[in-house]
Amino acid sequence: MSISLFLFVLSVLLVFLGWRLNLSRFRLPSYLRGPPPESWLLGNQGQVVKFEAGVANRKWREQYGYVYRFHGCFGIEYLMLNDANAIQHVLRGQTTSWGLDDSLRQFLRLVTGEGIVYADGADHARQRRLLSPAFNPVFIKSLAPTFASCASRLVKEWNRRLDAEGIDGNWDVNAYHWLELLTMESIGATLFGLRFGALEGEEHELMKAYSGLMADTFSQPTTVGILLQNIILHIPPWIIHHAENLPLSAMRQLRAAKTTCHQFAHDLIAQKRKEIKADPTKKDRDLLTILVKAGEKNEKEAIEPMSDELIYNQLTTLFFAGYETATNTVSFALCELAQRPAIQERLYAEVSSVLGTAADDELAEGFDANNLDNMPYLEAVMNETLRMHPAANHTMRAATIDNSIPLSKPIDAEDGQHVHWIPVHAGQRVILNFDGFNRSEIVWGTDANVFRPERWLENVMSKVAPEDQCGGPYVNLANFGGGPKACIAWRFAIIEMEIFIAMIIRQFEVRISNPDYEMWRECAFINTIPMQKGRLDRGSQVPLRIQRRMAK
């Protein structure tokens with residue numbers, strides 16, 4: 001018997017034992033309907049992976065309601081939440097009545113280290129307090145010229161490729177790879193204060209370690225892969241704590257990526273300390289400088305020091321959380337614009353009216369973040385991309401105490417009663433379906449599945465009823481979570497991605513290069529990745545035909 005098969009059999013036995021002892025505690029109320037499971041072993045999980053991200057949930061949501069019973073592997077029942085009030089309740093109750101399941105927390109530790117995503121309770125509050133100076137709005141806005149400079153380098157390289165490889169003024173390219181490079185450069189500059197040179201062809205060690213990590217590790221899982229991913233959620237946390245030592249390719253890749261980031265951060269922290277010691281007035285131009293300064297006690301010792309280990313963990317977390325998510329979101333935005341010429345032209349008209357045409361200047365330096373305030377249609381395109389293609393498709397939380405979940409719309413029970421609250425026991429796992437909320441017809445109207453940026457320019461969007469709000473920190477979208485554990489870097493992400501889109505559309509007209517292309521939104525663990533339907537073997541795909549805009 002191979003090691004992998006032995007571990008699989010052992011894990012199944014452990015899960016079965018836990019199921020026999022605990023499953024009866026988490027039976028959901030009988031009035032909750034849901035899709036029948038394919039089997040006890042797979043539940044509904046095998047059905048989910050047959051569809052692109054979000055499709056199975058939306059199908060069941062229409063059939064069984066916005067809150068329904070979902071069967072995971074091994075007979076475990078989950079509560080699937082698409083309902084705004086229910087999602088808001090769970091997000092706001094984080095660190096008190098709702099939290100990360102212990103097993104899931106240990107899995108996150110394998111991926112990101114013990115940073116702010118892993119932390120919970122008082123430890124999370126402490127880490128958030130230490131990180132807050134790096135994410136205040138004034139500092140984030142000051143990074144706009146850096147984002148623009150990175151995007152200008154992408155524009156320069158695309159222009160060079162157009163001249164060298166283009167045919168009749170057109171260049172066909174899988175833009176996803178280039179957007180990975182752009183995001184890598186952006187993180188290098190704003191997080192570390194470094195220029196990696198990825199856009200110019202240099203292959204940095206971090207790029208090699210993290211490129212395609214989630215897609216390679218979690219997309220298109222086999223039946224065994226589905227079971228292994230679910231076993232992680234049901235075996236004792238102390239076993240998961242040591243899982244990174246297992247001789248599995250996914251664990252080796254995760255371990256190698258985290259080790260690479262830690263070693264890189266260790267050397268860079270030492271260098272930053274020398275720079276700060278040589279010049280105590282050194283201006284904060286990147287997040288690492290702020291974190292290193294936070295590692296030193298101030299004169300009154302009012303701020304507790306941030307240890308090197310904690311800095312390593314935060315850097316790993318921020319890099320992991322910001323790399324593929326930004327790449328995927330900008331990729332989806334360009335795919336949508338490439339297929340909708342009218343929307344793209346309206347966006348170009350606005351961008352060029354504020355920033356000037358590409359012929360005016362490169363905008364490599366001096367980009368003013370306040371320019372974004374004068375581009376409402378750019379913001380609308382950004383918001384609609386986030387709504388239609390959330391980078392995190394869903395997340396899971398567990399009740400830490402017995403409580404009741406309020407609903408926006410009542411459930412009609414078979415006895416004729418209207419159920420407004422769903423009681424759950426401590427330990428019950430719930431799935432917050434961000435894609436399901438973002439495409440809720442109750443909240444967004446009958447065209448919820450249509451990419452229509454204009455909805456964000458209509459006054460009705462500012463008058464969403466309280467019961468239809470998810471509690472997120474940004475424009476009633478669930479993408480960045482909410483409550484005390486809302487994504488601390490949401491402003492960073494929005495400004496970064498808006499500038500990328502503006503700079504690309506300002507310079508280039510983009511179209512889909514493959515006439516047979518049909519977008520496929522692949523779900524890899526919780527990430528949503530752009531691929532091509534029928535050609536998932538090609539990996540992440542954004543097949544664009546680039547054409548230089550002509551001066552008018």
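All values below were derived from every heavy atom in this structure, side-chain atoms included, with hydrogens, water molecules and symmetry-related copies excluded. Numbering of residues begins at 1 and proceeds along the displayed sequence.
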Please find the pair of heavy atoms, one from [X] and one from [Y], that lie closest to each other, and give the distance.
| X | Y | value |
| --- | --- | --- |
| C523 | N393 | SG-CB, 4.3 Å |
| R439 | M388 | NH2-O, 2.8 Å |
| L199 | L182 | CD2-N, 3.9 Å |
| W520 | K533 | CB-N, 3.6 Å |
| G115 | T317 | CA-OG1, 3.6 Å |
| A175 | L544 | CB-CD1, 3.6 Å |

With distance as the sole test, does [X] use its side chain to make a donor-acceptor pair with the main-chain N or O of [Y] at under 3.5 Å?
| X | Y | answer |
| --- | --- | --- |
| N159 | V155 | yes |
| N514 | P543 | no |
| Q88 | Q469 | yes |
| R387 | A478 | no |
| R549 | F508 | yes |
| R521 | T528 | no |
| Q314 | I116 | yes |
| S149 | T146 | no |
| N82 | Y68 | no |
| Q339 | I512 | no |

What I want to find out is whether [X] reaches [Y] closely enough, with some N-O distance under 4.0 Å, to be called a salt bridge.
| X | Y | result |
| --- | --- | --- |
| R58 | E62 | no |
| K50 | E38 | yes |
| R455 | D447 | yes |
| R506 | E350 | no |
| R452 | E384 | no |
| D163 | R548 | yes |
| D537 | R535 | yes |

With a 4.5 Å cut-off on side-chain heavy atoms, are [Y] and [X] touching?
| X | Y | result |
| --- | --- | --- |
| L457 | Y377 | yes |
| F196 | M184 | yes |
| R511 | P341 | yes |
| D435 | F437 | no |
| D83 | I442 | no |
| E518 | Q532 | no |
| N44 | W60 | yes |
| R153 | E200 | yes |

Gap between atom [atom2] of [Y] and atom [atom1] of [X] - 0.5 Å precision:
| X | Y | atom1 | atom2 | value |
| --- | --- | --- | --- | --- |
| Y474 | I494 | OH | CD1 | 4.0 Å |
| N57 | K59 | CG | NZ | 12.0 Å |
| S186 | F147 | OG | CZ | 4.5 Å |
| L162 | Q547 | CG | CD | 8.5 Å |
| Q541 | Y517 | CD | OH | 8.0 Å |
| T395 | L100 | OG1 | CG | 6.5 Å |

As a quick check of understanding, evaluate side-chain contact (heavy atoms from CB on, under 4.5 Å) for I495 and K141, giving each step before the final call.
CA-CA 8 Å; I495 290 179; K141 278 193 168 186; 4.1 Å; yes

Restricting to side chain to side chain contact (heavy atoms under 4.5 Å, CB included), what partner residues turn up for A326, sequence neighbours left out?
T183, E496, M497

Take L318 and F135 through the side-chain contact (heavy atoms from CB on, under 4.5 Å) test and state the conclusion after the steps.
CA-CA 12 Å; L318 294 171; F135 291 99; 3.7 Å; yes

Can you tell me how the ring of W456 sits relative to the ring of W444, calling it parallel under 30°, perpendicular over 60° and tilted otherwise?
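The rings of W456 and W444 sit tilted, inter-plane angle from 30° to 60°.
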
Over 60° means perpendicular and under 30° means parallel, so tell me whether F480 and W490 are parallel, tilted or perpendicular.
tilted

After noting the C-alpha distance and the side-chain angles of E185 and R195, does the key distance pass the salt bridge (Lys or Arg N to Asp or Glu O under 4.0 Å) rule?
CA-CA 6 Å; E185 282 301 321; R195 177 171 172 145; 5.3 Å; no

Take Y348 and E509 through the side chain to side chain donor-acceptor pair (under 3.5 Å) test and state the conclusion after the steps.
CA-CA 9 Å; Y348 170 69; E509 181 180 339; over 6 Å; no

Would you say that more than 12 heavy atoms from the other residues, nucleotides or ligands in this model lie under 6.0 Å from the CZ of R285, or not?
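Atom CZ in R285 is not packed in, count stays at 12 or less.
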
Could you please spell out the steps behind the side chain to side chain donor-acceptor pair (under 3.5 Å) verdict for N438 and N479?
CA-CA 8 Å; N438 282 2; N479 302 54; 2.9 Å; yes

For T329 and M382: C-alpha separation, side-chain torsions, deciding distance, then whether side-chain contact (heavy atoms from CB on, under 4.5 Å) applies.
CA-CA 9 Å; T329 302; M382 182 78 265; 3.7 Å; yes

Side chain to side chain donor-acceptor pair (under 3.5 Å) between Y118 and N313, intermediate numbers included:
CA-CA 10 Å; Y118 166 86; N313 289 329; over 6 Å; no

Checking I501 against L337 for the side-chain contact (heavy atoms from CB on, under 4.5 Å) test, could you report, in this order, the C-alpha distance in whole Å, the side-chain angles of both residues, the deciding distance, and whether it holds?
CA-CA 10 Å; I501 294 168; L337 293 169; 4.2 Å; yes

When you measure from the centre of the six-membered ring of Y78, is the NZ or CZ of R429 under 6.0 Å away and within 45° of the axis?
no

Could I get the full list of ring-ring contact (aromatic ring centres under 6.0 Å, His included) partners for F70, not counting sequence neighbours?
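Checked F70 against ring-ring contact (aromatic ring centres under 6.0 Å, His included); zero matches.
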
Between the side chains of H389 and E336, does any donor sit under 3.5 Å from an acceptor?
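Yes, a side-chain donor-acceptor pair sits under 3.5 Å.
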
